[in-house]
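What follows is a short report on a single structure.
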Amino acid sequence: MSQRAGTGGHSGTGAPAGADGRPRPPMRPGGFGGGPHGMGGMMPAEKSRDFRGSFRRLLGELRPERRQIVLVMLLAIVSVTFAVVGPKILGNATNILFEGVVGKQLPAGISADQAVAALRAQGQDRMADMLASMHVTPGVGVDFGALGSILLVLIGVYLVSSVFSWAQAYIMAGATQRTVYRMRRQVDQKLARLPLHYFDSHPRGDILSRVTNDIDNISQTLQQSLTQLITSLFTIIGVLIMMFWISPLLAVIALLTIPLSIVVTLLIARRSQKQFAAQWQSTGALNGHVEEMHTGHNIVKVFGHRDEALETFDRENHRLFQASYKAQFISGIIQPSMNFIANLNYVAICVIGGVRVANGQMSLGDVQAFIQYTRQFTMPIVQAASIMNVLQSAVASAERVFELLDEAEEAPDTTTPQRLRYAVGRVVLDNVSFRYEPETPLIEDLDLVVAPGQTVAIVGPTGAGKTTLVNLLMRFYEIDGGRITVDGIDTREMTRDDLRRTFGMVLQDAWLFKGTIRENIAYGRDDATEEAILDAARAAHVDHFVRTLAAGYDTILDDDASNVSQGERQLLTIARAFVVDPPILILDEATSSVDTRTEVLIQRAMAKLMKGRTSFVIAHRLSTIRDADTILVMNHGRIIEQGTHGELLARNGFYADLYNSQFVEALDTAI
Amino acid sequence: MSVVAAPVRVAAPAGTGDRHRMTRLLTRFLRPYRRALVFVIFLLLVQAIANLYLPDLNADIINNGVLKGDTGYIISTGAFMLAVTLLLAIASIVSVYWGSKTAMAFGRDVRSAIFGKVQDFSQTEVNLFGTPSLITRNTNDVQQVQQVVAMALNMMISAPMMAIGGIIMALRQDVPLSGLIVIIVPIMGLVIGLLMVRVVPLFMAMQIKIDRINQVVRETLSGIRVIRAFVRTEHEEQRFDAANRDLTRTALSVNRIFAVMIPTLMGIFNLSAVAIMWFGSIRVDSGAMQIGNLTAFLMYIMQILMSVMMATIMFVMVPRAAVSAGRIQEVLETQPSVEDPAVPAAPSAAHGFVEFRDVEFRYPGAEHPVLRGISFSAGPGETTAIVGSTGSGKSTLINLVPRFYDVTSGSVLVDGVDVREMRQEDLWRKVGVVPQQAFLFNGTVASNVRYGDPDATDDEILHTLEVAQGREFVMEMPDGLAAPITQGGSNVSGGQRQRLAIARALAKRPEVYIFDDSFSALDFKTDSMLRAALRQELDSATVIIVAQRVGTIMTADRIVVMDDGMVVGIGTHAELMETCPTYREIVFSQLSEAEVA
């Protein structure tokens with residue numbers, strides 16, 4: 001008999017939708033049913049290092065839903081019981097029909113025993129045996145009353161089974177979606193607690209891929225496999241019980257197919273696991289290549305690397321093809337193999353059952369019911385085999401998510417934080433030392449006192465590590481020695497949030513998020529009034545520009561698209577700092593790709609912003625540097641000189657050299 | 001620099017348009033595998049026949065064996081049945097093999113075609129779609145379609161065969177009883193139809209909501225410093241949570257609809273069995289039908305209904321695949337606006353001449369041109385600088401030389417030949433570009449510099465790095481030339497990235513160098529040293545520099561001053577200081593304070 005198309009059978013299982021509602025065929029094992037796979041170009045080879053551990057942990061994520069899952073199990077027991085009982089009842093109906101047919105053929109008026117005796121007299125012992133085991137009333141046809149009531153019961157049974165399996169799927173949908181929701185939230189919250197170092201050292205695409213693609217993959221799997229797993233297990237048990245009830249001998253034969261199926265499944269699954277891993281790896285590699293080539297589109301072309309890019313693509317593409325078709329094929333073998341085993345079983349049942357019916361040891365209805373059960377029996381086994389496949393890729397994804405969740409977090413904020421009510425902006429660095437790499441000292445014994453309202457200019461060649469200082473002030477990174485105080489309070493004695501609220505930051509990469517201009521300006525303060533926003537925009541010289549836009553302050557900014565120029569973006573970030581009105585400022589003067597008119601605006605806006613605030617400026621403009629109260633000269637990640645413009649020139653060291661070679665020369669030739 | 005309003009492409013609902021696109025996509029990319037397809041379909045047919053034959057054998061065993069008590073018949077028929085079963089298994093393994101291979105080869109070819117197509121795109125088309133979307137289309141969308149093809153080759157095709165075969169077989173068993181099919185199938189169809197109408201729009205919504213999650217997380221990652229500096233972590237979490245909840249809600253609705261769908265179909269299915277049993281019994285009792293036939297009939301009906309159900313479940317995937325196919329076709333059917341000429345002009349003997357002749361350029365669909373009436377020329381050994389305010393069109397102008405865009409009127413000539421009449425490869429061989437955003441490739445310092453010249457020796461690389469003022473910092477890296485560079489060059493500073501990009505262009509030794517604001521991240525000292533080194537190194541090359549800093553361009557042989565898409569002055573620094581107010585304004589805005597000093 002064919003189980004090929006006949007999956008669901010009477011077991012009422014397996015919503016074919018993935019947990020996020022994407023439909024998947026019940027019989028197609030994982031990997032291919034998956035939605036978006038690996039966007040991160042840097043995705044490492046997906047191998048389940050600790051399959052069991054990660055699997056258990058994944059199940060642990062379902063703990064808050066344990067009530068629902070228990071309920072689903074109870075419902076599953078009921079729906080499986082009813083679905084399993086169905087064929088038995090249908091078998092009874094067949095029996096009644098059969099008895100009616102036989103009875104009709106016998107002459108009316110004689111008793112069943114007489115009919116049996118008559119058959120024996122004719123030497124038809126077998127027919128006699130068969131007849132003896134039935135409840136035949138000779139001369140009377142099918143008992144439609146009895147048949148009708150049996151069928152009514154059957155209708156009830158099936159309806160109940162359907163309702164229960166609906167309830168099961170309904171509850172499970174909630175349980176899995178909530179679990180996936182929680183996992184996504186966990187990851188997002190984790191991102192907020194990770195030190196900046198993590199983001200600086202992990203490719204963005206890879207982190208992104210874990211939050212979206214991997215969780216998506218898990219979500220698709222959970223709903224499908226959990227419901228199926230539960231129903232499959234109960235169905236196997238239920239069907240076995242029914243089989244033993246009907247015929248222990250036949251049941252033992254059917255039972256034999258289980259170890260056989262398990263062995264075959266394991267053999268196949270082990271091979272497919274390897275191919276799935278390869279498939280994922282290639283998908284990741286391909287993604288990485290595509291992303292890189294598309295991002296560097298013009299460079300690839302103009303440097304004549306088009307063919308090379310295609311070659312590399314084709315090579316990886318071919319690898320992906322190899323792995324995916326093998327994975328697909330190997331998992332595809334599971335079904336025909338199981339079907340063949342099932343059919344072996346089926347024929348055995350037919351032969352032995354047929355003989356037993358002929359011998360009168362079993363009723364025809366029972367054999368038919370048994371055959372039904374045989375089919376139902378294969379179903380959950382095939383399903384379990386498929387689930388094993390799906391789980392392999394899901395656990396691999398879960399592992400990547402757990403890896404992220406297990407990353408070391410920032411040191412927690414002090415439990416007894418000191419609060420800075422009205423900061424005046426006195427910043428003191430006392431004997432501060434810091435290193436990114438444990439072996440390479442970067443900042444050693446740095447002392448710096450900045451009085452309220454003073455300006456500190458940080459200068460030095462490209463890559464001198466000017467942002468390191470910013471990282472330390474904002475506690476993006478923790479210092480290794482000494483202390484940094486703001487208005488006398490050690491920054492580690494404050495919460496990070498409080499500390500950062502006292503700082504305003506205007507960075508080189510003007511980060512705006514997708515939202516209106518108004519929202520972007522008000523980013524630092526939820527309670528910013530319209531008036532405050534407009535004031536800030538005017539102060540940052542961006543009000544005029546905004547008003548030239550069709551939608552004004554309601555213009556939607558794109559996250560990385562280009563509806564606002566680089567210079568205007570910077571002005572917006574300055575406006576953003578105005579709204580916050582912080583006592584201390586961190587500014588990056590580097591104004592790449594900004595035209596001179598906008599540059600003037602930015603310069604004016606920054607000067608206005610710095611007025612009356614303690615400012616740390618990564619300085620590029622001569623005026624800023626000269627007017628600074630303190631200049632920190634950095635090179636190779638270290639502060640090598642410190643002092644005012646005059647002092648440093650007098651020292652005739654690195655700064656003096658820098659100053660003379662750059663500014664003076666530039667001025668001389670210009671005018 | 002220039003504001004390119006990228007047209008927003010919203011994936012249209014899977015209307016007929018997408019379905020037509022899907023047909024076109026399938027036809028085009030499955031054509032090479034038509035033999036394999038025919039073979040697979042043949043095997044599926046064999047399987048269908050075998051599957052349909054099995055209940056027949058079963059009926060025979062019951063009618064001729066069990067009822068007549070003929071054990072020998074049961075065994076011989078059983079053996080035959082096993083043979084059929086084996087044939088079935090072999091046929092399905094072979095067909096799974098070819099089906100998988102064909103589907104995955106289809107996917108491979110589509111990916112390859114998309115990638116190749118995008119390689120031929122100009123910046124205009126890349127902007128039109130957006131890089132992230134192109135990436136998604138190249139991998140994710142292909143996956144969706146490929147998956148449906150794989151399934152079709154495994155099951156979807158056999159479903160109708162099984163259904164039709166089942167109907168024929170059922171008719172053979174008993175014609176009047178087959179009338180039930182006419183009632184049951186439409187009921188199933190109705191239920192499925194009703195559910196589909198609700199579920200398909202939800203699928204569309206879900207894709208958009210997954211995009212939203214993607215977007216929020218991407219913003220969180222790229223703005224992490226700002227978010228923390230502004231103490232907005234909580235706010236960002238709320239934003240994420242809103243997106244997360246939204247997605248969860250939609251996913252839940254979809255799953256709940258599916259929760260209804262399967263038990264309902266199963267219910268109809270099972271009730272059909274009951275109905276057949278009842279009406280069948282009446283026929284059997286009246287002697288119009290044998291019991292064995294009824295059992296077989298029941299199985300055929302189950303087969304038909306199961307096929308219908310499987311087909312349904314799979315057809316649910318089709319609308320989604322159709323959306324993806326539509327997105328793929330969109331890429332494949334886009335005509336690159338920049339293409340090689342049918343008959344390329346003969347390469348000219350000249351070297352390093354660039355000329356703009358009355359150039360006009362407007363972005364597709366834009367009302368006003370970005371560039372108007374631009375004419376000037378540059379020759380070998382000369383440095384031409386282009387200055388002007390944001391939006392004045394400087395970057396756009398130089399992008400016309402390597403044909404990242406094509407002029408909309410007038411012409412750009414390289415070595416006396418209109419760039420549109422040259423083969424792009426020939427053109428690109430002549431031009432070296434250092435882009436505004438110095439993009440580096442995953443690899444090492446050396447591999448990035450070798451991008452310009454695959455055969456460069458280490459000494460040559462060191463030399464180019466020396467000129468680009470990059471030697472010092474490279475040698476300070478633990479691995480020197482072999483130091484790893486991450487994708488995009490994110491592990492080196494902005495200034496280092498620019499210098500490596502410059503070294504890459506130098507290694508190529510083109511006739512024409514284009515520096516698009518490539519010194520912006522350098523400090524003044526490095527900037528001036530670099531320019532000095534370049535002057536020496538590139539004494540016979542044509543150099544075009546776009547810059548913001550006056551210091552960078554003052555010594556140029558020719559300065560082109562642009563304003564609002566037009567040239568407002570051409571000359572040397574000294575000349576322009578005399579004649580060009582825009583230029584003077586630029587100079588004074590940068591140097592005013594110094595002047596006072």
*So which part of Leu86(B) gets closer than 4.5 Å to some heavy atom of chain A, the side chain, the backbone, both or neither?*
both
*Picking from Glu425(B), Gln424(B), Arg429(B), Met277(B), which has the most non-hydrogen pairs under 4.5 angstrom with chain A?*
Met277(B)
*Check whether Lys101(B) gets within reach of chain A through its side chain, its backbone, both or neither, counting any heavy atom under 4.5 Å.*
both
_Side-chain touch Ile333(A)/Tyr97(B), heavy atoms, less than 4.5 angstrom_ = no
_Contact class of Leu247(B) relative to chain A, heavy atoms under 4.5 angstrom_ = side chain
*asked:* Run Asn317(A) and Arg108(B) through side chain to side chain donor-acceptor pair (under 3.5 Å) and show every step you take.
replied: CA-CA 6 Å; Asn317(A) 195 13; Arg108(B) 177 194 62 195; over 6 Å; no
_Using heavy-atom distances under 4.5 Å, tell me whether Phe121(B) contacts chain A through its side chain, its backbone, both, or neither._
both
*Kindly indicate whether the side chain of Thr248(B), heavy atoms from C-beta on, has any atom under 4.5 Å from the side chain of Arg178(A).*
no
*Closest approach of Trp166(A) and Ala259(B), non-hydrogen atoms and distance?*
CD1-O, 3.2 Å
_Between Ser337(A), Gly86(A), Ala309(A), Gly100(A), who has the most heavy-atom pairs with chain B when the cutoff is under 4.5 Å?_
Ala309(A)
*Could you tell me which non-hydrogen atom of Thr233(B) sits nearest to which non-hydrogen atom of Ala192(A), and how far apart they are?*
CG2-CB, 3.1 Å
*Assess the side chains of Asp314(A) and Ser112(B): does a donor N or O sit below 3.5 Å from an acceptor N or O?*
yes
